[in-house]
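Take a look at the structure below.
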Amino acid sequence: MERRAEPAAALLVACALRIERAALRSGGERGAPDGYAVLRTGMGPRAADLAVARALAGPGGDRTAVLATGFCAGLVPGMNPGDLIVAEETRDPRGTVTCDGTALLAEALARAVPGAAVHLGALTGSDHVVRGQERAQLRATGAIAVDMESAATLWTATRDTRDTRDRRGPVAAVRVIVDAPEHELVRIGTVRGGISAFRVLRAVLPAFFDWHRSSLLPRR
């Protein structure tokens, strides 16, 4: 007997690392929509591609809201650990994905994490940890932050509908800066930057739920 695919989540929050998932879960899930799920993809773009494709394979996957999150490296001088990045678009060698509801998401994050700086801009993907001079090279492309999974996550989430008029589920990416040009991280959790980023990531879920609710409202 053929086994039916499980229905996809209504809101899928994707992160790569165990510590990121721990931060999200420790923040509580009060106000979560029915069908909400946290997906740990594993590290790197290839792992994100595979994990997100599997998660969206069930019925309704094309309508699932997908939000990529976790830690990232800031590229702009003056950024600090614990600052928030709201991607207006994600980029990788395959192309660019435009994010949905970025202004509303930034406002919701400002309410959820009072005092945290929120930066909007392009989030670029990499297949390795970026350090030193490579930060400046990526900044020259117009990106404000870099991580290894967000671009792959959103590319996979939109790949069946990018070239059609069919309405897909909304996509977004929110990252917490764990290191920056003046605050290069040695190891997550062992320095103040890692601790600050963990505390901020633990507080963001209410903003994600607000973003998801707003995405369900009729568009004028």
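Please read these numbers as outputs of a predicted model, since none were measured by experiment. In this chain, residues are counted from 1 in sequence order.
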message: Tell me if a side-chain donor or acceptor on Arg21 pairs with a main-chain N or O of Arg40 at a distance below 3.5 Å.
response: no

Backbone N/O of Thr153 and side chain of Thr156: donor-acceptor pair under 3.5 Å: no

- prompt: Any donor-acceptor pair under 3.5 Å linking the side chain of Asn80 with the backbone of Gly78?
  reply: yes

statement: Correct closest heavy-atom pair for Leu154 and Cys99 would be CD1-SG, 3.7 Å

- request: Look at the side chain of Glu149 and the backbone N and O of Gly44, then say whether any donor-acceptor pair between them is shorter than 3.5 Å.
  value: yes

task: Inspect the contact between Asp83 and Arg175 and indicate whether a charged nitrogen and a carboxylate oxygen are less than 4.0 angstrom apart.
output: no

message: Test your reading of the model: is there a side-chain donor-acceptor pair from Asp100 to the backbone of Val171, 3.5 Å cut-off?
response: yes

field: Student check: side-chain heavy atoms of Leu11 and Trp211 closer than 4.5 Å
entry: yes

message: Keeping Ser126 on the side-chain end and His128 on the backbone end, is there a donor-acceptor pair under 3.5 Å?
response: yes

- prompt: Do NZ/NE/NH1/NH2 and the carboxylate oxygens of Asp179 and Arg135 come within less than 4.0 Å?
  reply: yes

- prompt: Can you tell me how far CG of Leu123 sits from CZ of Arg91, rounded to the nearest 0.5 angstrom?
  reply: 9.5 Å

- request: State which residue, out of Leu67, Val38, Thr64, fulfils the side chain to side chain contact (heavy atoms under 4.5 Å, CB included) condition with Leu12.
  value: Thr64

message: Side chains of Val118 and Ile85, heavy atoms from C-beta outward: is any pair under 4.5 Å?
response: no

- request: Identify the two heavy atoms, one from Thr41 and one from Ala16, that lie closest to each other, and give their separation to 0.1 Å.
  value: OG1-CA, 3.6 Å

query: Using 4.0 Å as the upper bound for N to carboxylate O, is an ion pair formed by Asp127 and Arg46?
result: no

- prompt: Charged N to carboxylate O below 4.0 Å: is that the case for Arg18 and Glu20?
  reply: no

- prompt: Hey, what do you get for CZ (Phe198) to CD1 (Ile195), rounding to the nearest 0.5 Å?
  reply: 10.0 Å

message: Just so I know, are the side chains of Asp62 and Leu56 near enough to count as touching, which here means a heavy-atom distance under 4.5 Å?
response: no

task: Taking all heavy atoms of Ala152 and all of Asp49, pick out the closest pair and write down the distance.
output: O-OD1, 3.3 Å

message: Does any part of the side chain of Arg139, heavy atoms only, come nearer than 4.5 Å to the side chain of Val76, both counted from C-beta?
response: yes

Separation between OG1 of Thr69 and CG of Leu201, rounded to the nearest 0.5 Å: 5.0 Å

- prompt: When rounded to the nearest 0.5 angstrom, what is the spacing between OG1 in Thr90 and CG in Asp147?
  reply: 9.0 Å

